[in-house]
Amino acid sequence: MSEATSPILELQRQRMLLQMEYEQEKEAFQQAHQARGISQLVARGDAWLPLRLGRSYYNSLNQFCVEVYRQPAPDEEEPIDHNFEFGKPVRFFELRVKSEELRVKSEESKVKSGNSSKDQLLTLNSSLLTYPGTVSYVDGDRMVVAVPDDFPVASLATTEGQLGVMLFFDETSYRLMFEALERTMRARGRLGELRDLFYTTTRQLPAQTFTFPDMGFDYLNKTQEHAVNEVLRAKDVAIVHGPPGTGKTTTLVEAIYETLRREPQVLVCAQSNMAVDWISEKLVDRGLNVLRIGNPSRVDDKMLSFTYERRFEAHPDYPQLWAIRKAIRDLRAAKKHSDQWHQKMDRLKSRATELEIRINQELFSQAHVIASTLVGSANRLLDGMKFGTLFIDEAAQALEAACWIAIRRAGRVILAGDHCQLPPTVKCYEALKGGLGRTLMERIAENRPEVVTLLRIQYRMHEDIMRFSSDWFYHNLMVAAPEVQHRSILDLDLPMTWISPPPTPPQGRGVQIDLPQKVSSANQTNPPSLGEGQGVGTSLQNVSEARLTILALQAYFELIGRQRIQEERLDVGIISPYRAQVQLLRQLLRQNEALKPFRRHITVNTVDGFQGQERDIIIISLVRSNDEGQIGFLRDLRRMNVAITRARMKVIILGDRHTLCRHPFYRRLWQYIEALKES
């Protein structure tokens, strides 16, 4: 094996890049929280303020938990976006009004500087920041935080100022990824074999397979059927490459089901809680017993029913265990450390451990599928467990190091995803340039193309929407299923439209765009000048384009007709790559009276927020408009692939083509849409 292809050197390089990412993210996080006022953290979804305190209790994992509720602003119509989710570290804080002397000085300083920030009139009581907390559960405006046993709950109830909670830097995920890389570099046995296999080419070390005739599955198409058979044949690794709308989840669920006819239990992981929830729900629908490690991000009775915590609490022995744990806590509070005290404590702890082991053995032995995030696979509940097969869904969104956390528990690995859609999040440019964004799925697909199966038939999009994505990203291999090939909302309607007002409209002239007269005339009195501006934090927004986006939707709805929208329940996704633009679009949507009856049919979110979803109509606001042709992270074309391919029947793109079309991808997209008019 040559040094250039040495797995150890590649893993060392990954560790170096991950260290760069860790250091930059930590520094950026600290600077952001120091530089930004609390109000900006709230606006970004990194903090909740003010909070109402709920109950405090011990959960089924014997963690002390505090329940809090976000208090919405009086004029707030919809819950704001937030970044809190299960497992993320948080800290509580208290904001107090400054003393009169400091307040007067702050007011004088504000008048002189012209700074109107409300944060200047507040001071942060940081004593609570010393208590680490972890999100145990979050749903809407309610959150449960696991905190240390000595957390001062009583003082929270009597705070003089406003109580809040903010995200803290997540050291745990990085620590687990570093440990996984170190363990993989030192590995012998099966983990070492998989490491060498994944980092070398076919000629150096071939992937092993079983040999048997194809099995047929009546409800799968030919490419899906082939993918399931390839998964079953693989001794080491297989990849299911699923472009948008091709039924990747359906295929993966069937592969897992068939694998479980040969193995007693499998481990199923994904990068995000949302992806784990989705595959878990489909597996439950298929009749499999799923044990979900970690709380789901979408909380309802169906999702909660297969979580470890809910199953643990429902076990017949749990009331007895809870009573013993309470007795232990009461005994600790007594603080009478006599010989008798120690003997009683030892007996209670021994009995509690015995019951906990018994409950866990029953729960895990009954489960067909253990499901968790990649980081969650390091949970102590899985200590010592090995699985014949590991399935990693949405593998193209996971860092290599995160995959190795779970791979150590498996004999073979099945990866599913699409590296032409959303990539892993990498914030350090140098690390990204060095290759940290390249996933394990991409590496294996490049080194071992023989283990990849491409799903080719898609069931979501009109053929004209699919074709551009197929040509640019999938070597023109995609085929639209007959039932979706020509479906559309309106007769003779183009499936794709690009609205591009000029950056600086001539004085006194209307803006000519491809919309009904009502929208064009609306812009004559206030023509949009598509200048991008600063929004929340470092995000961008474009006010004129946002207004035009809402008008475009209103005009299209008028063409369709109110009754038909309601009867057919046509749904709409408004997408922007920029969070500030998303927040502005939501605000404008709430203010639009004409669209008020249809708001429940309309979802506004970022590209990442729409991953895995689909809508009848997709409207995309691209925001960027400048004389230099700077398009920022719109250069990541995989996000555009996701945005476009969410649509079933109609895509409307809003963007300054004079800025965007300097990039070959957007120029080609503009030309493609223009050609549709002539065909």
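The figures here come from the full heavy-atom set of this structure, side chains too, leaving out hydrogens, waters and symmetry mates. Residues take their numbers from the sequence shown, with the count starting at 1.
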Distance-only donor-acceptor check, side chains Thr389 and Glu263, under 3.5 Å: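 Present: a donor and an acceptor within the cut-off.
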
Any donor-acceptor N or O pair under 3.5 Å, side chains Arg292, Asn273: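 Yes - a donor-acceptor pair under 3.5 Å links their side chains.
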
Candidate pair Lys427 and Glu27, rule salt bridge (charged side-chain N to carboxylate O under 4.0 Å, His left out), full reasoning: CA-CA 11 Å; Lys427 297 178 181 178; Glu27 182 182 356; over 6 Å; no

Aromatic ring proximity, centroids under 6.0 angstrom, [Y] and [X]:
X: Tyr257; Y: Phe217; result: no
X: Tyr318; Y: Phe312; result: yes
X: Phe92; Y: Phe151; result: yes

Within a strict 4.5 Å, meaning less than it, do heavy atoms of the [X] and [Y] side chains meet?
X: Thr246; Y: Met478; value: yes
X: Ile392; Y: Val413; value: yes
X: Tyr137; Y: Asn59; value: no
X: Phe306; Y: Val290; value: yes
X: Ile457; Y: Leu455; value: no
X: Met640; Y: Ile644; value: yes
X: Asp236; Y: Arg412; value: no
X: Thr645; Y: Gln458; value: no

Whether Trp48 and His82 hold their rings parallel, tilted or perpendicular, with breakpoints at 30° and 60°: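 The rings of Trp48 and His82 stand perpendicular, inter-plane angle above 60°.
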
Whether Phe178 and Tyr22 hold their rings parallel, tilted or perpendicular, with breakpoints at 30° and 60°: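 Because their plane-to-plane angle is over 60°, the rings of Phe178 and Tyr22 count as perpendicular.
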
Side chain to side chain contact (heavy atoms under 4.5 Å, CB included) between Ile256 and Leu288, worked out: CA-CA 10 Å; Ile256 293 169; Leu288 297 175; 4.3 Å; yes

Roughly how far, to the nearest 0.5 Å, is [atom2] of [Y] from [atom1] of [X]?
X: Glu23; Y: Cys428; atom1: CD; atom2: SG; value: 9.0 Å
X: Glu85; Y: Leu167; atom1: CD; atom2: CG; value: 9.0 Å
X: Leu477; Y: Ser470; atom1: CG; atom2: OG; value: 6.5 Å
X: Ile293; Y: Thr373; atom1: CD1; atom2: OG1; value: 10.5 Å
X: Leu454; Y: Tyr474; atom1: CG; atom2: OH; value: 8.5 Å

I'd like to know whether [atom1] of [X] has more than 12 heavy-atom contacts from other residues, nucleotides or ligands below 6.0 angstrom.
X: Arg188; atom1: CZ; value: no
X: Met20; atom1: CE; value: yes
X: Tyr219; atom1: OH; value: yes

Pairs satisfying ring pair (Phe, Tyr, Trp, His ring centres under 6.0 Å), at least one member in residues 381-422, at least two apart: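 Those involving residues 381-422 are Phe198-Trp404, His241-His419.
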
Criterion side chain to side chain contact (heavy atoms under 4.5 Å, CB included) on Val240 and Leu415, from CA distance to verdict: CA-CA 6 Å; Val240 179; Leu415 303 103; over 6 Å; no

Keeping [X] on the side-chain end and [Y] on the backbone end, is there a donor-acceptor pair under 3.5 Å?
X: Asn641; Y: Cys420; result: yes
X: Thr307; Y: Leu304; result: yes
X: Lys26; Y: Glu171; result: no
X: Arg142; Y: Val144; result: no
X: Arg646; Y: Pro244; result: no
X: Arg195; Y: Met185; result: yes
X: Asn229; Y: Glu225; result: yes
X: Gln265; Y: Phe364; result: yes
X: His368; Y: Asn289; result: yes
X: Arg409; Y: Leu382; result: yes

Nearest heavy atoms of [X] and [Y], plus distance in Å:
X: Leu374; Y: Ala406; answer: CD2-CB, 3.9 Å
X: Thr134; Y: Val90; answer: N-CG2, 4.2 Å
X: Leu363; Y: Leu291; answer: O-CD2, 4.1 Å
X: Met441; Y: Gly417; answer: CE-O, 3.4 Å
X: Asp170; Y: Tyr174; answer: O-CD1, 3.6 Å

Are any of the side-chain nitrogens in [X] or [Y] under 4.0 Å away from the carboxylate oxygens of its partner?
X: Arg448; Y: Glu442; answer: no
X: Arg190; Y: Glu193; answer: yes
X: Lys248; Y: Glu394; answer: yes
X: Arg358; Y: Glu362; answer: no
X: Glu400; Y: Arg438; answer: no

Stepwise salt bridge (charged side-chain N to carboxylate O under 4.0 Å, His left out) check, Arg261 with Glu258: CA-CA 5 Å; Arg261 298 177 68 176; Glu258 288 297 323; 3.4 Å; yes

Worked check of side chain to side chain contact (heavy atoms under 4.5 Å, CB included) between Arg325 and Glu356: CA-CA 11 Å; Arg325 285 174 171 174; Glu356 188 173 341; 3.4 Å; yes

With Arg639 via salt bridge (Lys or Arg N to Asp or Glu O under 4.0 Å) - residues at least two apart: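 Asp608, Asp636.
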
Side chain to side chain contact (heavy atoms under 4.5 Å, CB included) between Cys269 and Leu390, intermediate numbers included: CA-CA 8 Å; Cys269 294; Leu390 163 67; 3.9 Å; yes

Option from Leu232, Val369, Ile414 for which side-chain contact (heavy atoms from CB on, under 4.5 Å) with Thr259 holds: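 For Thr259, the side-chain contact (heavy atoms from CB on, under 4.5 Å) test succeeds with only one of Leu232, Val369, Ile414, which is Leu232.
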
Chi angles and distances behind the side-chain hydrogen bond (donor to acceptor under 3.5 Å, both in side chains) call for Tyr308, Asn379: CA-CA 12 Å; Tyr308 169 80; Asn379 194 299; over 6 Å; no

Axial cation check for Phe212 ring with Arg233, 6.0 Å and 45° limits: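 Yes, a cation-pi geometry.
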
